[in-house]
There are 2 protein chains.
Amino acid sequence: MWLRPERPPRDRRLTRERIVDVAVAVLDAEGHGGLSMRRVATELGVTAGSLYWYVRTKDDLLELALDRVLAEVSADPGAPGWRPALAALARSNRAMLLRHRWALSELTLRPNLGPNALALAETGLRLLERAGFAGADLDAAMAAVNDHVVGAVIAEVAWHGTLERMGESGAGWGERAAGYLREVAARHPALARRMAATGEIDVERESERRFEFGLDCLLDGLAARRLAPPPP
Amino acid sequence: MWLRPERPPRDRRLTRERIVDVAVAVLDAEGHGGLSMRRVATELGVTAGSLYWYVRTKDDLLELALDRVLAEVSADPGAPGWRPALAALARSNRAMLLRHRWALSELTLRPNLGPNALALAETGLRLLERAGFAGADLDAAMAAVNDHVVGAVIAEVAWHGTLERMGESGAGWGERAAGYLREVAARHPALARRMAATGEIDVERESERRFEFGLDCLLDGLAARRLAPPPP
DNA sequence: ACCTGAACACCGTTCAAGT
DNA sequence: ACCTGAACACCGTTCAAGT
């Protein structure tokens, strides 16, 4: 009894890091709707109120979670040229967003100025500087690539969600859907042609194809606009 | 008394359309956080439960609201060429998303197959068909343009939000922010250079410049990839 | 057919009170 | 310094009951 000294205050049960850990885990597992303060708290064997000692609001927690996953995006610094390097950065970014789909909505709703976000911006900018961009065009080029990544993943996630919904829907859904689609096809011939062609397709592979197509277009445009690369 | 006939059941207070009307109004005025079933209900002089006669869930209501504002996107069918026409469509889309910033998060979270979304897809596809695209490249080209619009608006809204936050923050914030920025600048030279150059800039004009820059890059890439336009 | 009113289960957040 | 427990104000949704 008296032999055991009082616990040092260092082995507290909570840390900001541990809280973000389980927040990311819950978000990955159950999406945005699954995250609640009480849920995170019980997962840590603690009351909801306790979290507010480490985090000001739930919004702040989400901001921390977003920056956490942004650390997963990586650039290969020893890439052979600016174009493959930039493409690799874009692909890594896309892969991360597909791993943590909830991160997209966070990106939409709140600005992120976390350390990992800034580090990521830095590597992108340096890459484009070496490629021969400067001034306002440098910002615009960086933005164009990022925009394509974000836009493409949003479209892919939405597409995926549509298919999931269609799968969930119970019996009796088939007829209504078929009727709706028939009507749509009648009114929208071009759309009907495309729907017929995309009937049996692997969504993920096709999404990747589209992503690469758009990226290539963009990089072509960028290549034409860069200044002469600075002499080494 | 007996002269006045019973009210015909037609003058009911609620309609799906009216409900969507006020939902869009509330969303425009107060954003995503301001919308609640009780809020919409009281705005219509009615109880929250009543809404569920016309709408299955709040999610359905948001879907309806999204399709409502998608109707605002318009394409000029009599445009001189495919490239200006496509650019005009993209700009109209962007303008709508900037008018209804809440629509972005909806676009992120849920698939939208409403009539206006489909009509919009149809006009885009026909435009690209006339431009000389077909098959999988047609889908990819359409997707690339849409992705750029969505991605660019997301970035712009996030940027805008950052500035607003910085404006709201009370006294004593300046020193902490300055310290943070100094640290960032020290660790990230390229970012520091860009931050210095972007010091006093009109966010909206600069966002538009970036949008047009990326769009031009993309259209260059698309122009190089289209097949020969079909003979008239 | 359409709407009310009350209830249910769940939120984020606060805060005195304990240790 | 750190955590509990209870409370507050607010959710989305359901449903018997009224008309």
Side-chain angles (χ1 to χ4, degrees), chain A residues 1-2 4-24 26-27 29-66 102 105-106 109-110 165 168, chain B residues 1-2 4-24 26-27 29-66 102 105-106 109-110 165 168:
Chain A
M1 212 302 161
W2 294 274
R4 196 167 21 140
E6 192 189 353
R7 284 207 195 125
R10 275 288 146 239
D11 67 337
R12 46 183 188 191
R13 318 163 75 172
L14 260 42
T15 320
R16 195 178 252 206
E17 215 192 327
R18 288 196 63 204
I19 294 174
V20 176
D21 281 345
V22 337
V24 169
V26 171
L27 284 166
E30 309 180 26
H32 202 250
L35 187 78
S36 75
M37 289 299 181
R38 295 178 216 261
R39 172 70 193 278
V40 172
T42 53
E43 207 96 0
L44 286 162
V46 115
T47 332
S50 317
L51 302 179
Y52 289 87
W53 186 263
Y54 299 88
V55 145
R56 211 172 47 89
T57 74
K58 186 190 182 185
D59 254 43
D60 278 16
L61 177 53
L62 283 166
E63 215 162 322
L64 291 169
L66 177 59
W102 52 270
S105 356
E106 292 323 305
L109 294 171
R110 83 193 76 255
R165 265 203 193 184
E168 283 173 1
Chain B
M1 212 305 163
W2 294 273
R4 196 169 19 145
E6 193 192 353
R7 283 206 196 125
R10 276 289 147 236
D11 66 338
R12 46 185 186 191
R13 318 162 75 173
L14 259 41
T15 319
R16 195 177 252 207
E17 216 193 326
R18 288 196 64 205
I19 294 174
V20 176
D21 281 345
V22 336
V24 169
V26 169
L27 285 166
E30 308 179 29
H32 202 249
L35 188 77
S36 76
M37 288 302 189
R38 294 177 216 261
R39 173 71 194 279
V40 172
T42 52
E43 207 96 359
L44 287 163
V46 115
T47 333
S50 317
L51 301 179
Y52 289 86
W53 185 261
Y54 299 88
V55 146
R56 209 172 48 91
T57 75
K58 187 190 183 186
D59 253 42
D60 277 17
L61 178 53
L62 283 167
E63 215 162 321
L64 291 169
L66 176 58
W102 52 270
S105 357
E106 293 323 305
L109 294 171
R110 85 194 75 254
R165 265 204 193 183
E168 282 173 2

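Keep in mind that the numbers below use all heavy atoms, side chains included, and drop hydrogens, waters and symmetry copies. For clarity, every value in this text was computed on a predicted model and none was experimentally measured. Convention: sequence-line order gives letters A, B, ...; per-chain numbering from 1.
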(Q) From CZ of A:R39 over to C1' of C:dA9, roughly how many Å is that when rounded to an integer? (A) 16 Å
Q) Does B:Y54 have a side-chain nitrogen or oxygen under 4.0 Å from the phosphate oxygens OP1 or OP2 of C:dC3? A) yes
Q) Is the closest side-chain heavy-atom distance between A:E106 and A:H32 below 4.5 Å? A) yes
(Q) Tell me the interatomic distance from A:R38, atom CZ, to C:dA9, atom C1', rounded to whole angstroms. (A) 11 Å
Q. With respect to A:M37, which candidate in A:L61, A:T57, A:I19 satisfies the side-chain contact (heavy atoms from CB on, under 4.5 Å) definition?
A. A:L61
Q: Sort by first number and list every stem of DNA chain D: at least 3 consecutive Watson-Crick or G-U wobble pairs, both distances under 3.5 Å.
A: C:4-8 with D:12-16, C:12-16 with D:4-8
**Q.** Gap between atoms NE2 and P, on B:H32 and D:dG12 respectively (whole Å)
**A.** 10 Å
Q) How many Å lie between CG on B:L14 and P on D:dT19, as a whole number? A) 20 Å
(Q) For C:dC2 and B:W53 - does any side-chain N or O of the residue sit under 4.0 Å from the phosphate oxygens OP1/OP2? (A) yes
Q. Between atom CG in B:L35 and atom C1' in D:dC10, what is the gap in whole Å?
A. 14 Å
Q) What's the shortest heavy-atom distance between A:V24 and A:W102, and which atoms? A) CG1-CZ2, 4.3 Å
Q) Would you say the side chain of B:L44 lies within less than 4.5 Å of the side chain of B:R13, judging by non-hydrogen atoms? A) no
(Q) Please give me the minimum heavy-atom distance between A:G34 and A:V26, naming the atom from each residue. (A) O-CG1, 3.5 Å
Q.
Tell me which pairs pass side chain to side chain donor-acceptor pair (under 3.5 Å) where either residue lies in residues 41-52 of chain B, with sequence neighbours left out.
A. B:R39-B:E43
**Q.** For atom NZ of B:K58 and atom C1' of D:dG12, their distance in whole Å
**A.** 8 Å
So which protein N/O to nucleotides 4-6 of chain D N/O distances come out below 3.5 Å?
| unit_1 | atom_1 | unit_2 | atom_2 | d |
| --- | --- | --- | --- | --- |
| D:dT4 | OP2 | A:T47 | N | 2.8 |
| D:dT4 | OP2 | A:T47 | OG1 | 2.7 |
| D:dT4 | OP2 | A:S50 | OG | 2.5 |
| D:dT4 | O5' | A:T47 | OG1 | 3.1 |

Q | Side-chain donor or acceptor of B:R38 paired with backbone N/O of B:A48 under 3.5 Å | A | no
Q.
Without decimals, in angstroms, what is the distance between A:M37 CE and D:dC10 P?
A. 19 Å
Q) In a check of side-chain contact (heavy atoms from CB on, under 4.5 Å) between A:L27 and each of A:L66, A:L35, A:V40, which one passes? A) A:L35
Q: Evaluate side-chain contact (heavy atoms from CB on, under 4.5 Å) for A:L14 paired with A:L51, printing each intermediate quantity in order.
A: CA-CA 8 Å; A:L14 260 42; A:L51 302 179; 4.2 Å; yes
Q) Rounded to whole angstrom units, what separation is found between the CG atom of B:L51 and the P atom of C:dC3? A) 10 Å
